[in-house]
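In what follows, a single structure is set out as structure tokens and then discussed.
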Amino acid sequence: MAPATAIIAPRVMILSMFAGEAQVWYGIPQFDVLARNHTSVLGLSPLFPQVHCTKDGTICQLTIGEGEINAASSIAALIHSPHTSLERTYFLIAGIGGVNPKVATIGSVTFARYAVQVGLQFEIDAREIPANFPTGYFPQGTTAPGQFPTTLYGTEVFEVNEPLRQLAFAAAKKAKLVDTPDAQQMRMQYAASPIFAPPNEAGPSVVLCDTATSDTFWSGTLLGEAFENTTKVFTNGAGVYCTTQQEDNATLNALLRGALSKLVDFSRIIVMRSASDFDRPPPGQSAVDQLLGPAPGFEPAILNLHVAGVKVVKMIVDAWPSTFKHGIEPTNYVGDVFGSLGGHPGFVPGS
């Protein structure tokens, strides 16, 4: 157990959401994040109250809990603790998620530039949708789907450092991703469709595409298409709806608040999601059967978090003095929809 007064100041902080995602970082040959287990940070999830670090403190791992509220609360507690110093820390969000079969397949590892909070909209029950509406979801402050929201909370879209994302992507592509026969069998069901065939005819790969956040775990072609459209609208056509998850916009908002307080550097964030399940069924299967059926993508997705993620972590740590210590200068806008950190978000119409 690390001393209660030890300051946590890693070069890389790995963020997991639940125990399964966390455990792939324990007992690995590359580094030992269980060498020092800090209990000094108050306000973390009661299920995961420790920050785990290597003996020299250069790499740490924290499980923040599932869902938007848990994520934001844990990150806020971490950032504002008197026992952390995170101004130069790189944050690797490393979790699994659903995947759009048009863009990627189960077992794949994705790196996002945009995180879109697709659940932050008006919603009408499917049984009461107007006849001229393609979906019951439409942005707040608008009158129909497809319009950019005129009422903004500030968490609708976050954009992270594109040059850093490209470096992480290149490092992860050196990994040999895990696949399984069961995942291959499920993938074949999607490969039979012309719409889904390209990403599903081969095995898992490393992909550049974006992520959608909502506490609701959705499934089905209509919802998938609705949130594809939401991603395009909220990013002014720049975003590619790919993975689905329950935490990233909350995590990013807490990190942005920390950046406003000069406690973290928002340009040092990598959003990595591996694909554990599809967001819609293959041809001939219902949405509920797909949602409640077997999930053979879970195992390779969990394993590939480590397989690909360790390449990213090692890249940062090994090249710290020469490349990463002073940061990777972003060439794109970085931040939220309000431009809180300076600059003008290109994904806002008319910006």
*Contacts of Glu247 that satisfy side chain to side chain donor-acceptor pair (under 3.5 Å) - sequence neighbours left out*: Arg273
*Contacts of Ala259 that satisfy side-chain contact (heavy atoms from CB on, under 4.5 Å) - sequence neighbours left out*: Val264, Phe266, Leu341
*Apart from Phe133 itself, which Ile, Leu, Val, Met, Phe, Trp or Tyr residues share its cluster (side-chain heavy atoms under 4.5 Å, direct or through members)?*
Phe122, Ile124, Ile129, Phe138
*When Ile, Leu, Val, Met, Phe, Trp and Tyr are grouped by side-chain heavy atoms lying under 4.5 Å apart, directly or through other members, which residues fall in the same group as Met188?*
none
Using residues 12-28 as the side-chain source, report each donor-acceptor pair under 3.5 Å to any protein atom, sequence neighbours left out, with the distance given to one decimal.
| unit_1 | atom_1 | unit_2 | atom_2 | d |
| --- | --- | --- | --- | --- |
| Ser16 | OG | Gln61 | NE2 | 3.2 |
| Glu21 | OE1 | Met17 | N | 2.7 |
| Glu21 | OE2 | Ile96 | N | 2.9 |
| Tyr26 | OH | Gln61 | OE1 | 2.8 |

*asked:* Leu208: which residues meet the side-chain contact (heavy atoms from CB on, under 4.5 Å) condition with it, sequence neighbours left out?
replied: Phe111, Arg165, Gln166, Phe169
*Residues which pass side chain to side chain donor-acceptor pair (under 3.5 Å) with Thr135, listed by chain and number, not counting sequence neighbours*: none
*Sequence neighbours left out, what passes side-chain contact (heavy atoms from CB on, under 4.5 Å) with Ile69? Give chain and number order.*
Ser73
*Residues in side chain to side chain donor-acceptor pair (under 3.5 Å) contact with Glu66, at least two apart in sequence or another chain*: none
_With Asp179 via salt bridge (charged side-chain N to carboxylate O under 4.0 Å, His left out) - residues at least two apart_ = Arg187
*asked:* For Ser45, give me all partners under side chain to side chain donor-acceptor pair (under 3.5 Å), at least two apart in sequence or on another chain.
replied: none
Which side-chain N or O atoms in residues 216-224 pair as donor and acceptor under 3.5 Å with protein atoms at least two apart or in another chain?
| unit_1 | atom_1 | unit_2 | atom_2 | d |
| --- | --- | --- | --- | --- |
| Trp218 | NE1 | Tyr241 | OH | 3.3 |
| Ser219 | OG | Ala287 | O | 3.4 |
| Ser219 | OG | Gln290 | OE1 | 2.6 |

